[in-house]
Amino acid sequence: MDRQLARQRTITVWLAAAALILRVMSSSAAASDVQVDKDRLLDSLLAQMTLQEKVGQLRMEYAGAGRNPQAMLDSIANGHVGAMFTAPAASQAGLRELQDAAVRRSRLRIPLFFAGDVLHGQQTIFPINLGQAASWDLQAIGKSARVAAIEATSNGLDMTFAPMLDISRDPRWGRMSEGYGEDTYLVSRIAEAVIPALQGPTLGATDSLMACTKHFAGYGAVEGGRDYNTTDMSARRLVQDYLPPFKAALDAGAGAVMTALTSLDGVPATANGWLLHDILRQQWQFRGLVISDHGAVEELIAHGVAEDGKQAAQAAFAAGTQMSMSDRNFARSLPRLVMQGQVTEKQLDSAVRQVLATKYDLGLFDDPYRRLRAAPDTEKQRLHRAQARDMARRSLVLLKNRNQTLPLSRHARIALVGPLADNAVDILGSWHANGQPEQAVTLRQGLTSGQAANARLLYAKGANISDNPQAFALLADNQVSFDPRPAEAMIAEAVTVARQADVVVAALGEARGMSHEGASRTDLNLPGQQRALLHALKATGKPLVLVLMNGRPLTIGDESQWADAVLETWFSGSEGGNAIADVLFGEYNPSGKLPVTFPRSVGQIPLYYNHLNTGRPFDPAKPTPYRSRSYDIDDTPLYPFGYGLSYTHFSVSAPRLSSARLQPGQGLHVQVTVRNEGLRAGETVVQLYIRDRSASVSRPVKELQGFAKLFLAPGQERQVILQLPLSALSFVDRKLRWVSEPGWFDVMIGLDSQTVQTASFELMP
Ligand code: BGC
């Protein structure tokens, strides 16, 4: 009743302020029927706002632990805060209290919007995004994002700091787990699926969650994979390889963009006018909101491009950062900068208008409580388990399966071993939002429910994830439990258990905090005693299945030799244990394909499939000296991009092209026949790569430009037609223009990026 009253009062103030009554409402008409003209409302609010109130709108504050709640409420009531960044577990009641302070107590009653990190689920946790990308299943990824939006909005959020679209070719970087892998084309298509799924048909809908895509731009290329480190690359590479996913997201309607914490060519993204103004606003015509990353304005001082907070605020604002996140410098310095004429009133108004427009689009002027209504306690019972299990199954990648070790019989006596085997914490992955370990299904639980009733499951932990508690102390997510027993005793126990079993399943990998923000690694082996454990299990002679749980490619050359079967499961989320059991028992035929190259050694990094050829490529079939390679290793990927096995076998025909000579403006059709040669139904991904043999700049040896995921019954065969539009043949030239140049192109078709069949055509002048 109170809420209704507050809402009507708020609306009355806005309408009076705008001297606008667009529709005379009967006293009984619902307030949500009011159609307020956006521009006029925004104009009228701007006309009434004080300088302090305007600056207040440009500030996003953190509403979590460590804040004085009363001071925060007063700050909101005084018009000093425009939006809140919320802790994952923030209660609806808590958020409502904050909104009350804005719409009941502040002078102009402008609502807040609430944002949080919902990367792969809010309550129901889906696989980490790197895992989702491994599904190559845009529909499934979209459905997962929709569920995340439904749950996050019913927890009161209006915006998510997602999707994270940083291309990364460096698995040392812990944040690779948050993104969708190394490939520009795949990540762009995923962005197009995720944005509409999050935002729904209209942003004002109660279950629409605005996307704030991040981190703009180049963050994924930090030197040495060290988080927050410098990024420096040619503008051409940035535009060609790193920016297209963002462009795709914005074309799909993403409402906001977050700046990267890193610098690019010496200029931090948050103060980078070339990125934020020239590219984002001028070239791409982006009309949404630009938010700094957490504390990024202040960090301009440490970056060495501002002497103090005032310069930092000025530099960020001038470049195009409109709202600061958890930063005091806009509040402290923008009013002075405006009064001294270093920031014009017009510039300020334009940023404030953007924030107000965001709130308007989110429907918050119509109803500030529109996403604050669901009863919080019903949430926990409303997990979307079926969807999470489906997505998780699709994200698993079978890397090896010697002698059809998998699938396992449901009657087999299984020894389940490893620090991740019965681990409900790590399976949720980094950025697990409000996901609760007690709601997650571990592999042990999944195998137990998947086994035949009379089958036995033996279990031993076997090892800790790491033996170095100190290394975890400074990680952002350091929730790791250590078993105090000596390593030898734990391994011995696991070996004893293994000897009693028909087959050994070893669940090994990383803690979720190891593949996270601020969690870079120099060594990508299995940490701690896990290698020793696997080696000891191998020595038992039992069939050995390695189930990997990790947020990045690991260098598992030896381990993949020791194991008979290897299943990459990433961090597979709330239903991970069930999904993995589904694959291990053959209830689901694995169909995932790697969205990232697996190196053999850290020394090979960066190792990515779409590299340039160099003048002296190494040909393993004709080895000669003076060639581009490292001589001390088989300098190929351990597993290439696009790779993944199935319990059946698929064959693909050579590609048939609609034309061998393409006239300008014409597209190409590539036709292939895919056949399921085995005895099980299953899905696979046909991948289309192209190579521009000669152009004004060197072009990659191959580049993904199309794919299709298809289901085939045993013996079934299907024709697949992949369209190659002319734009697929274009690239960024030395003047940073997208062009296509006539000449010969190769079209390669395969079920991974390495084993392909080729046809060629000529693009006519
Ligand atoms: C991260 C962002 C994140 C923000 C808020 C920053 O440190 O870089 O990705 O959205 O914190 O949690």
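Computation of the quantities below employed the complete heavy-atom set of this structure, encompassing side-chain atoms and omitting hydrogens, waters and symmetry-equivalent molecules. Every number for a ligand or one of its atoms is a count from 1 in the order of the listing. Just so you know, these numbers come straight off a predicted model, no measurement behind them.
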Is the distance between the ring centroids of Phe161 and Phe85 less than 6.0 Å? yes
Location of contacts on Glu517 toward ligand 1, heavy atoms closer than 4.0 Å: side chain
Answer yes if the ring centres of Trp136 and Phe641 are under 6.0 angstrom apart, and no otherwise. yes
Applying a strict 4.0 Å limit to heavy atoms, is His215 in contact with ligand 1? yes
Among protein heavy atoms, which sits nearest to atom 8 (O) of ligand 1, and what does the distance come to when rounded to 0.1 Å? Asp293 OD2, 2.5 Å
Closer than 4.0 Å to some heavy atom of Phe161 - which atoms of ligand 1 meet that? 10 (O)
Pairwise distance OG(Ser106) to CG(Leu73) - rounded to 0.5 angstrom: 12.0 Å
Gap between atom NZ of Lys143 and atom CZ of Phe126 - 0.5 Å precision: 10.5 Å
With backbone taken as N, CA, C and O and side chain as the heavy atoms from C-beta onward, which portion of Met60 lies under 4.0 Å from ligand 1: side chain, backbone, both, or neither? neither
Ligand 1 and Arg175, any nitrogen or oxygen pair closer than 3.5 angstrom? yes
Could you check Tyr62 against Met72 for side-chain contact (heavy atoms from CB on, under 4.5 Å), going step by step and ending with a plain yes or no? CA-CA 9 Å; Tyr62 181 56; Met72 179 60 71; over 6 Å; no
Any nitrogen or oxygen of His294, side chain or backbone, less than 3.5 Å from one on ligand 1? no
I'd like to know if Asp166 pairs up with Lys214 as an ion pair, taking the criterion as any Lys NZ or Arg NE/NH1/NH2 lying under 4.0 Å from an Asp or Glu carboxylate oxygen. no
Leu261 heavy atoms within 4.0 Å reach ligand 1 at atoms 8 (O)
Would you call Asp183 and Arg189 a salt bridge, using N to O less than 4.0 angstrom? no
Identify whether NZ of Lys or CZ of Arg in Arg332 sits under 6.0 Å from the centre of the six-membered ring of Phe330 and within 45° of that ring's axis. no
Test item, Glu178 contacting ligand 1 (heavy atom, 4.0 angstrom): no
Considering only protein heavy atoms, which is closest to atom 12 (O) of ligand 1, and at what distance to one decimal place? Asp117 OD2, 2.4 Å
By number and element, which atoms of ligand 1 are closer than 4.0 Å to a non-hydrogen atom of Lys214? 2 (C), 3 (C), 9 (O), 10 (O)
